[in-house]
Every structure is written in structure tokens, then in C-alpha cells.
Amino acid sequence: MNDLGLIIGITLMYAAPLMYTALGGVISENSGVVNIGLEGMMTMGAFIGATVCYYSHSPWLAFIAAGLSAGVLALLHAIASVTFGADQIISGTAINFLGPGLALFLSRIFFNGATMTLTIKLEDKMPRPLNGIFSPGSFMDLVFNQYATVYMAFILVFVLWFILYKTRLGLRIRAVGEHPRAADTLGVDVFKIRYISVILSGIFAGFGGAAMSIAVVSNFRATLISGQGFIALAAMIFGKWKPQGSMWACLLFGMAQGLVVYLGGTKLQISSQLLAMIPYVLTIIVLMGFVGKSSGPAADGVPYEKNQG
Amino acid sequence: MKKNRFKYTAISILIGLIVGAIILGVSGFNPFEAYWIMITGVFGSSKYISWTIIRSTSVIITGISVAFAFRTGLFNIGAEGQFIIGAMAATLVGYFWHLPPIVHVIVAFSAACIAAAIWGGIAGAIKSKFGINEVITSIMLNWIALYLNNYVIFWDKFKRPNSEASYKILESAQSSILTNWKLTEAGRTWISNHPLIGGFIDPPINIGFIVAILLAFLINYILNNTTLGYQLRAVGFNKDASEYGGINVKRNIVVAMMISGAISGAAGALHVLGVSNEISVLAAMEGNGFNGMAVSLIAGNNPIGCIFAGLLFGGLTYGGHKLQPIMGAPSEVINIMIGTIVFFIAMPKFVQMIVDRKGNFKIVKRGEKVESDK
């Protein structure tokens with residue numbers, strides 16, 4: 001029972017950073033802008049989060065700073081892909097070089113030539129709001145004694161779902177992603193909506209990075225994010241471009257991580273390599289067998305030009 | 001159009017260098033000194049030039065792989081995994097099989113291409129059969145490849161004791177040139193007596209770069225001069241029209257991904273056979289495939305252009321690595337520069353705006369297509 005609790009606990013912890021980032025992908029792509037730059041934005045957020053947290057001793061300030069720094073990177077992506085009609089894949093690839101490049105460059109400057117930040121003190125890390133409520137080591141404690149970022153990730157899933165499907169702004173975002181010309185005709189400012197969505201996607205990805213560097217671990221290093229932004233991107237596609245779908249996909253990846261960590265602590269040393277493959281194999285199988293053709297918003301990836309045809 | 005593309009690329013590279021200089025300057029490093037270190041770090045001796053070429057080979061080839069996929073309308077983000085599979089297959093064949101020299105190289109190389117073609121083909125087959133975006137399958141396959149690589153290395157008969165790597169491949173499978181001669185007394189003397197040529201051949205020179213150039217021309221030929229290439233490009237250009245025109249779109253997707261995979265696999269194989277001679281445990285993605293994306297984009301998805309873009313990429317990274325030890329400036333400034341270059345390549349409209357004063361800003365801002373852009 002406690003083993004199960006441990007696995008669920010680790011699952012939630014590892015799923016949270018992916019969830020923020022995947023939600024970033026959801027909002028950007030629903031507005032019609034492909035964002036493969038999530039990886040770079042997440043890396044930036046992870047670095048700024050760890051650095052601000054180390055120097056300011058405030059995880060909340062760090063969390064916000066992480067979001068803002070990645071938001072700035074996203075602004076670049078928005079300028080290129082919205083205003084200048086750039087190829088969004090190319091622009092996103094550029095962000096994936098810029099984000100880690102800047103993060104490691106700054107890390108070497110702030111931390112004496114090292115590509116990893118100094119360790120954040122335990123009391124400066126993201127707090128655990130339910131710490132001490134359950135008896136230590138019990139099932140409830142293992143499952144629910146999580147960092148605040150974990151709870152906020154689930155809240156954000158709900159908030160984004162509500163915005164996208166229950167508000168005017170959400171309707172506009174989806175309209176712009178499905179049929180920008182029609183939206184434009186109806187008086188929706190396509191450029192403005194896309195700018196908002198892309199910048200928000202960066203902010204979310206930055207949160208995702210910080211959820212990794214100031215909660216799951218307590219510093220930033222060169223390999224911390226390596227590929228998680230891409231996993232989040234895959235989770236978003238897996239989740240059919242929907243907040244709740246992405247959440248489940250992220251939980252699946254988180255669970256795989258949880259299993260690997262859990263079984264890594266047992267005697268099954270070598271086969272942990274094979275075990276680590278499971279979520280990726282499973283994703284492919286699930287997509288083939290159950291999900292069927294997944295299609296994103298109709299205008300996803302298509303630059304919008306106002307005076308065209 | 002072609003002339004403009006070249007112009008925009010050149011200007012994007014220039015902007016990248018300027019941004020790099022500004023960032024270095026703001027951080028308190030002398031940009032002129034930094035660029036001088038990089039230039040001498042690449043061209044300063046024949047040895048450095050040789051190393052730059054060796055380092056560039058992998059990204060040139062993965063660049064060709066990504067470019068090929070792009071031209072057929074596919075986004076091969078899986079070059080990374082295909083590279084890993086190719087390297088792994090080449091090492092397995094290079095270590096476990098006993099074959100005569102040259103034959104062994106060819107067999108190991110072919111095995112790598114076939115394995116990686118299958119790996120790439122999986123993503124293509126799933127796309128054509130189930131309509132699942134190749135991006136997501138490729139990302140999954142990258143990770144599966146990484147863990148498969150780590151799993152294989154831990155095989156008892158394959159793992160070199162007290163290391164995180166496999167055994168070295170047999171000598172008969174190594175594609176480096178003059179390796180044994182370089183170790184002899186006569187070889188060492190000759191190299192030190194002929195600094196120019198000797199310096200050039202002192203690093204692990206191998207057949208990789210030559211194969212890369214041949215591949216670039218081969219792929220360029222396939223794309224532009226064959227029926228297969230025509231069909232593949234047609235599908236990339238307009239899927240529905242191609243279907244209507246009698247092209248088997250589904251088969252084409254699989255074929256395109258297989259070819260793209262085989263090319264990335266070739267990059268992995270050449271790296272193992274010519275440079276590393278082993279595979280080691282991977283903690284994270286090494287970036288061979290992702291760097292190939294940048295190379296392909298800088299080259300405008302032109303296979304021949306990938307040779308030059310790859311050399312630029314290789315030169316920047318090889319020269320850039322000397323910034324840290326010599327002047328203490330973070331070598332990551334190179335990634336910022338490459339990112340900037342790719343960023344500006346993504347928006348020719350903006351570049352046009354700076355170059356061509358006649359390119360009225362208002363017009364561009366309204367989102368109209370500027371005439372000379374096309």
C-alpha cells in the first residue's frame with residue numbers, strides 16, 4: 001500500500017512540470033501557433049527559477065520570474081510567427097537554441113563558470129502546503145504531501161479548460177485557431193489574440209521549468225530539462241490539444257518516471273532501462289489503437305495574413 | 001528567389017554574429033578578442049581545420065536527413081533517435097562480426113542505415129496507417145532509442161568493464177585513415193616534419209566527410225532528378241493534389257521517412273566507425289538530430305547547402321569551445337548565435353525590411369506579402 005502511495009506521489013511530482021508546459025502548448029496551438037520552442041522556454045524558466053530562488057530566498061518570486069523570463073522568449077516567437085508570418089517550426093527551433101544557450105551563458109556568469117546553479121536551501125524551496133497534516137510515511141502523506149506547484153498545476157488545468165470553453169476569450173482563441181479569417185471578419189483581432197496566447201504559453205512553460213528546478217530538484221543544471229519540453233509537446237498532441245487530455249498524458253509520463261524511480265530503488269537495476277521505455281511505447285500503442293486520428297486546430301501552424309484572398 | 005534566399009541567409013548569419021558580439025560585450029568580454037579566438041581556433045592550424053571538418057560531419061548528414069524529410073512535407077524530429085540506432089547497429093556489427101577490412105566497414109555502415117531506416121519507417125508507417133502526427137511518434141522513438149542504447153551497452157559481452165561504454169569496434173571495421181601508420185615511428189616523424197599536412201592528418205581523419213558530400217549530391221539528385229523524388233516532393237507540396245494525380249501518398253510517407261532515417265543512421269554509423277569507435281551510456285539527448293534541424297534550416301532545406309551550413313555550425317561550435325578555456329567567456333554564446341541566425345532565417349520579411357529601405361514597414365506590418373519577397 002505504501003509502495004503504491006510512493007508511486008502515486010512521485011507520479012504527481014514529475015507530472016506537474018510537464019503539465020504546465022503542455023498547457024502552454026495547448027493555449028498556443030489552440031490559437032493557431034505551433035510552439036515547438038517549449039523546450040527552450042522551459043529551460044529558461046528552470047534556470048531563472050533556480051537562480052532567483054537561490055539569491056532571493058523566495059520561491060514565489062522565483063516562480064513568477066521564471067514565467068516572465070520564458071514569456072519574453074515566447075514574445076520573440078510571437079513577433080516572428082504572428083507579425084512577420086515566419087515559419088513557426090523554424091522560429092520554434094530558434095527558441096530551442098536561444099533558451100538553453102542564454103540559460104547556460106547566464107549560469108556561467110552568475111555561478112562562477114559553472115553550468116549548474118548552486119543548491120537552493122531546503123527551506124527556500126517551493127513549500128508543501130499539506131506538510132505535517134498526515135503522519136509521516138503514511139499512504140496519505142506519500143500521496144498528498146506535495147509541493148504547491150503540483151496543486152497549482154491541477155488548478156491551472158481547470159482554469160485553462162474554463163477559459164477555453166466557457167469564456168468569450170476562449171471562444172476567440174479557438175476561433176482564431178480554427179478559422180482566423182472568419183474570426184477576423186467578426187471583428188476579432190487575430191494578431192492580438194495570438195500574441196496573448198503565445199506569451200501565455202511561454203509563461204506556462206516557464207512555470208513548468210521552475211516546477212522542476214525549485215520543487216522536484218533544488219538547482220538547475222545543463223541536463224535538467226533535456227527533452228521534457230518535447231515530452232510536454234507530445235503530451236499535448238496525445239491529449240488532443242485539450243487541457244484535460246494533456247493532463248492525463250502528462251500523468252502517464254509522470255507515472256512512468258515514478259515507476260522507474262521506485263523500481264530503481266529495488267534490485268531491478270538493469271531492466272530499468274527497458275522499463276523506462278514503457279511510457280513511450282505505450283503512448284504509441286495507445287495512439288494507434290484507441291485514440292485514432294488526432295488532429296489539431298485547423299489553422300495551427302498557418303501564419304495569418306490579413307489582406308490575403 | 002534563390003538569390004534572395006542566399007542574401008537573407010548571409011544577413012541572418014551577420015545578425016547572429018552581431019548579437020553574439022553584443023551579448024559578449026554586455027557581459028564584459030571583448031567581442032573582438034572572442035571572435036579572434038574563434039577564427040584562430042578554427043583556421044589557426046591545419047590540425048584545427050581537420051578537427052572542424054571531423055566535427056561537422058555528423059551535423060552535415062543529419063542536416064541532409066532533416067532537409068530531405070522537410071522537402072517531402074514531413075518533420076523528422078526523430079533524426080536524434082535514428083542517429084542513436086545507426087550508431088548502435090554499427091557498433092554491434094563492428095564488434096561482434098568478424099569480416100575482412102573494408103568489407104567490414106561497408107557491412108557495418110549498411111546495417112546502420114537499414115536499422116535506422118526501419119526506425120524512421122516506423123514513424124512513417126504509423127502516420128500513413130493511423131494518421132498520427134510523425135512529430136509525436138518521432139519524439140517517442142527518440143527516447144526509446146536512447147534507452148535501447150543504454151540497455152544494449154549493459155549486455156555482459158558488450159560492456160567494457162569499469163566504464164559506461166561498449167567495447168571498441170574491431171580494427172577491420174574502423175573507417176579512419178592511416179591510423180596504424182600514424183602510430184609508427186616513421187609516421188610520427190613524418191607528421192612532425194610536415195606540419196601542414198601532418199597536422200591535418202593527425203586528428204582521426206576518416207571517410208565521413210567524403211561520404212557526407214557524396215550523400216548531399218546523391219540526395220539532391222534523388223529529389224530533383226528522379227521520379228521518386230518528384231513524387232515525394234509532390235506529396236510534400238500538396239498531398240491531396242498528389243493523391244488525385246495518382247501518387248500513392250501513404251507509401252510515399254513511409255519511403256520518405258525510411259530514407260530520412262537511413263541518412264541519420266549513416267551519420268551515427270560514420271561517427272562510430274570513424275571517430276568514437278564505441279557507444280556510451282546516454283544520460284540525455286546529445287543533440288545530433290536537433291542540430292541537424294538547425295543546419296537544414298540554415299541551408300534552406302537544400303542538401304548541398306547542408307555541407308556549408310554544417311561546416312558553419314561545426315566551425316562555430318568547435319571554435320566556440322575555445323572561448324571558455326582561453327578568455328573565460330561562456331562558449332554557450334555560440335548557441336545564442338545559432339539561435340539568432342535561425343530566428344532571422346525564419347522571418348525573411350523582417351530581414352528584407354532592414355535590407356531594403358523601400359520595403360515600407362507599414363506594408364509589412366499590415367501583413368501583406370511584399371512583392372520582391374516571392
* Structure fact -> Greatest number of non-hydrogen atom pairs under 4.5 angstrom with chain B, of A/Thr223, A/Asp87, A/Thr93, A/Ile95, falls to A/Thr93
* Under 4.5 Å from a heavy atom of chain A, the part of B/Asn291 involved -> both
* To do: Mind running side-chain contact (heavy atoms from CB on, under 4.5 Å) on A/Ile284 and B/Leu141 for me, showing each step along the way?
  => CA-CA 9 Å; A/Ile284 294 176; B/Leu141 286 168; 4.2 Å; yes
* Heavy atoms only: give me the nearest B/Ile136-A/Ala234 pair and the separation to one decimal. => CD1-O, 3.3 Å
* **Gap between atom OG1 of A/Thr83 and atom CE of B/Met347 - 0.5 Å precision** => 9.0 Å
* **Least distance between heavy atoms, A/Phe253 atom then B/Met140 atom** => CZ-CE, 3.6 Å
* Evaluate whether atom NZ of B/Lys159 has more than 12 neighbouring non-hydrogen atoms of other residues, nucleotides or ligands under 6.0 angstrom away. => yes
* To do: Mind running side-chain contact (heavy atoms from CB on, under 4.5 Å) on A/Leu98 and B/Ile336 for me, showing each step along the way?
  => CA-CA 5 Å; A/Leu98 284 174; B/Ile336 300 173; 3.9 Å; yes
* Structure fact -> Comparing A/Ile278, A/Asn96, A/Ile231, A/Leu233 against chain B, the one with the most heavy-atom pairs below 4.5 Å turns out to be A/Ile231
* Heavy-atom distance under 4.5 Å to chain A: side chain of B/Val135, backbone, both or neither? -> side chain
* How about residues 101-111 of chain A versus chain B: which residues have heavy atoms under 4.5 Å apart? -> A/Gly101, A/Leu102, A/Leu104, A/Phe105, A/Arg108, A/Ile109
* Heavy-atom closest contact (A/Ser91 atom, B/Ala346 atom, distance) -> N-CB, 3.7 Å
* Check step by step if side-chain contact (heavy atoms from CB on, under 4.5 Å) holds for B/Glu332 and A/Thr115. => CA-CA 10 Å; B/Glu332 281 76 15; A/Thr115 53; 3.8 Å; yes
* Structure fact -> salt bridge (charged side-chain N to carboxylate O under 4.0 Å, His left out) filter on B/Glu134, not counting sequence neighbours, yields B/Lys127
Let me have the donor-acceptor pairs involving side chains of residues 143-150 of chain B, under 3.5 Å, with sequence neighbours excluded, atom names and distances please.
residue	atom	partner	partner atom	Å
B/Asn149	ND2	B/Ser280	O	3.2
B/Asn150	OD1	B/Leu282	N	2.8
B/Asn150	ND2	B/Leu282	O	2.9

* Asked: Between A/Ala94 and B/Gly339, which heavy-atom pair has the shortest distance, and what is it?
  -> CB-O, 3.3 Å
* Please look at B/Thr340 and chain A and tell me whether the side chain, the backbone, both or neither of the residue comes under 4.5 angstrom of a heavy atom of that chain. => both
* Close approach to chain A in residues 68-82 of chain B, criterion heavy atom under 4.5 Å -> B/Phe70, B/Phe75, B/Ile77
* What is the minimum heavy-atom distance between A/Gly113 and B/Gln324, and which atoms define it? -> O-NE2, 4.2 Å
* To do: To the nearest 0.5 Å, tell me how far B/Gln352 CD sits from A/Phe84 CZ.
  => 11.5 Å
* To do: Starting at CD1 of A/Ile90, measure out to CG of B/Asn301 and round the result to the nearest 0.5 Å.
  => 7.0 Å
* To do: Using a cut-off of under 4.5 Å on heavy-atom pairs, state which of B/Thr137, B/Ile334, B/Leu297 scores highest against chain A.
  => B/Leu297
* Asked: Quick one: what part of A/Ile36 sits under 4.5 Å from any heavy atom of chain B, side chain, backbone, both or neither?
  -> side chain
